[in-house]
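In what follows, a single structure is set out as structure tokens and then discussed.
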Amino acid sequence: MSEHTVGGPALPQERRLVTSIPGPKSQALQLRKSAAVAAGVGTTLPVYTVAAGGGVIVDVDGNSLIDFGSGIAVTTVGNSAPRVAAAVAEQVQAFTHTCFMITPYDAYVRVAEALNRLTPGTHDKRTVLFNSGAEAVENAVKIARVHTQRQAVVVFDHAYHGRTNLTMAMTAKNMPYKSGFGPFASEVYRAPLSYPYRDAGVDGPAAARRAIDTIEKQVGAGNLAAVVIEPIQGEGGFIVPADGFLPTLVEWCRANGVVFVADEVQTGFARTGEMFACDHEGVVPDLIVTAKGIAGGLPLSAVTGRAEIMDAPHVGGLGGTYGGNPIACAAALAVIETIEEDGLVDRARSIGKTMVERLESFGDPRLGDVRGRGAMVAVELVKAGTTEPDAELTKAVAAAAHQQGLVVLTCGTYGNVLRFLPPLSMPDHLLAEGLDVLEQIFKDL
Ligand SMILES: Cc1ncc(COP(=O)(O)O)c(C=O)c1O
């Protein structure tokens, strides 16, 4: 794919800088933002968007930036992807809302059927739709608690599950996600993860046994409703657990009547070169939580899982005014069609291969670890010759990339991970140009 062939309005697929970044119009808008928007809402890169598609974001000053972020893994099929834009326009004309719990509509049912078909495992499944990732995670916990009649929930070091009260408790990192916002929900316990780069010599099954040991000693299987885990951690630093870690945990959960919940909010929908990250190791979760890439930018999330678990809550116990909004459902159906018709699972693999090969070829000792799966790639930056995290360098690289019209994001418990989540509609020449920009930045810094 050398040109922009899927996704996005017909925007020139080029990096184009006509002002400094941010330009004067963006700067003026940022001043208005500071005066009008609560200070707690941060800004990674204050360029104000007017259009986006393919592999670019165009700002109000006329700059065209290469997008290596996809709005945090959301516009996986591209911004304003043609099928999504058409489906949304058609649905808006028909009706915008009835509330699925009042008078239902078929788009919700079709999304549920599609998720039941696409998610790992061939067992009988049910789905419920919500608005945000955090809301879906909360509901997965509700469902697991009713099903098991137990209360405890185990999450992992470096986890990120959201910003609501329960999901703040489940999220590991204090700043900026938790500090000052307590008290947090109770009955949430944390276990050690498998973190191959910082865990040398501990293989996947051994890391899982270490976690299980913590759970058995500090919680007790008989009290445990659910183990909730990101199969590849997102905000925590794109940490891919060692092979065997997830399967060993699943096996223990099955043996102990614990609901295994995969939080695939960031990893789902072709992002990792499989439809879901669990598919890489044949892991079949009891419940899977999806959001972000599901609807191409429209707010939608879901919990999908074993029928007998999903059907445990009483009628009226699950739902919400907007959950499974018809416009978001129309978008999701178009996203799924785009992934399947345009071969985007394979495209994610080929983007990932290109990125990893190029990043490794930099040969820079400060790139401590290049990792990820498919088009979910990260580099962990360290002081050369050590494994000491280098958050300052990470910040400097990201700032330089932004100045040069390349949108990159950072993450990681230690703030030292650059993460790359290009839309799968990214043309090859822009992917290469973005990597050229990064290589030059590492030479210059
Ligand atoms: C793994 C994971 N879970 C949950 C969430 C929360 O999703 P949302 O921001 O839609 O509430 C995120 C968001 O980044 C995430 O990456």
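Predicted model only: the values in this text are computed from it and were never measured. In listed order, ligands and their atoms are each counted from 1.
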Original post:
What is the nearest protein non-hydrogen atom to atom 11 (O) of ligand 1, stated with its residue, atom name and distance?
Top reply: Ala134 N, 2.8 Å
Subject >> Heavy-atom nearest neighbour of atom 1 (C) of ligand 1 within options Glu135, Glu230, Met170 >> reply: Glu230
Original post:
With atoms numbered from 1 as shown, which atoms in ligand 1 lie under 4.0 angstrom from a non-hydrogen atom of Asp263?
Top reply: 1 (C), 2 (C), 3 (N), 4 (C)
Original post:
How about atom 9 (O) of ligand 1: does it have a protein heavy atom within less than 4.0 Å?
Top reply: no
Original post:
Should Arg347 and Asp342 count as an ion pair when the cut-off is N to O under 4.0 Å?
Top reply: no
Original post:
For ligand 1, which atoms have a heavy atom of Gln266 less than 4.0 angstrom away?
Top reply: 14 (O), 16 (O)
Subject >> Whether Ile72 lies under 4.0 Å from ligand 1, heavy atom >> reply: no
Subject >> Proximal ligand 1 atoms for Glu235, defined as those under 4.0 Å from one of its heavy atoms >> reply: 14 (O)
Original post:
Taking C-beta and beyond as the side chain, do Thr410 and Thr44 meet within less than 4.5 Å on heavy atoms?
Top reply: no
Original post:
In terms of heavy-atom contacts, does CD of Gln151 have more than 12 from other residues, nucleotides or ligands at under 6.0 Å?
Top reply: no
Original post:
Under 4.0 Å from any heavy atom of Ser132, which atoms of ligand 1 are there?
Top reply: 10 (O), 11 (O)
Original post:
Would you say Gly133 contacts ligand 1, with heavy atoms under 4.0 Å as the rule?
Top reply: yes
**OP:** Compute the minimum heavy-atom distance from Gln233 to ligand 1 and say whether it is under 4.0 Å.
**Re:** no
Subject >> Protein residue, atom and distance nearest to atom 4 (C) of ligand 1, heavy-atom basis >> reply: His161 O, 3.3 Å
Subject >> Backbone of Thr119 reached by a side-chain donor or acceptor of Lys125 within 3.5 Å >> reply: yes
Original post:
Does Arg210 come within less than 4.0 Å of Asp199, counting only side-chain N to carboxylate O?
Top reply: yes
**OP:** Measure across Ala226 and Ala144 and return the closest heavy-atom pair with its distance rounded to 0.1 Å.
**Re:** CB-CB, 3.8 Å
Original post:
Do other residues, nucleotides or ligands put more than 12 heavy atoms under 6.0 Å from the CD atom of Glu308?
Top reply: yes
**OP:** Answer yes or no: are there more than 12 heavy-atom neighbours, outside Tyr414 itself, under 6.0 Å from its atom OH?
**Re:** yes
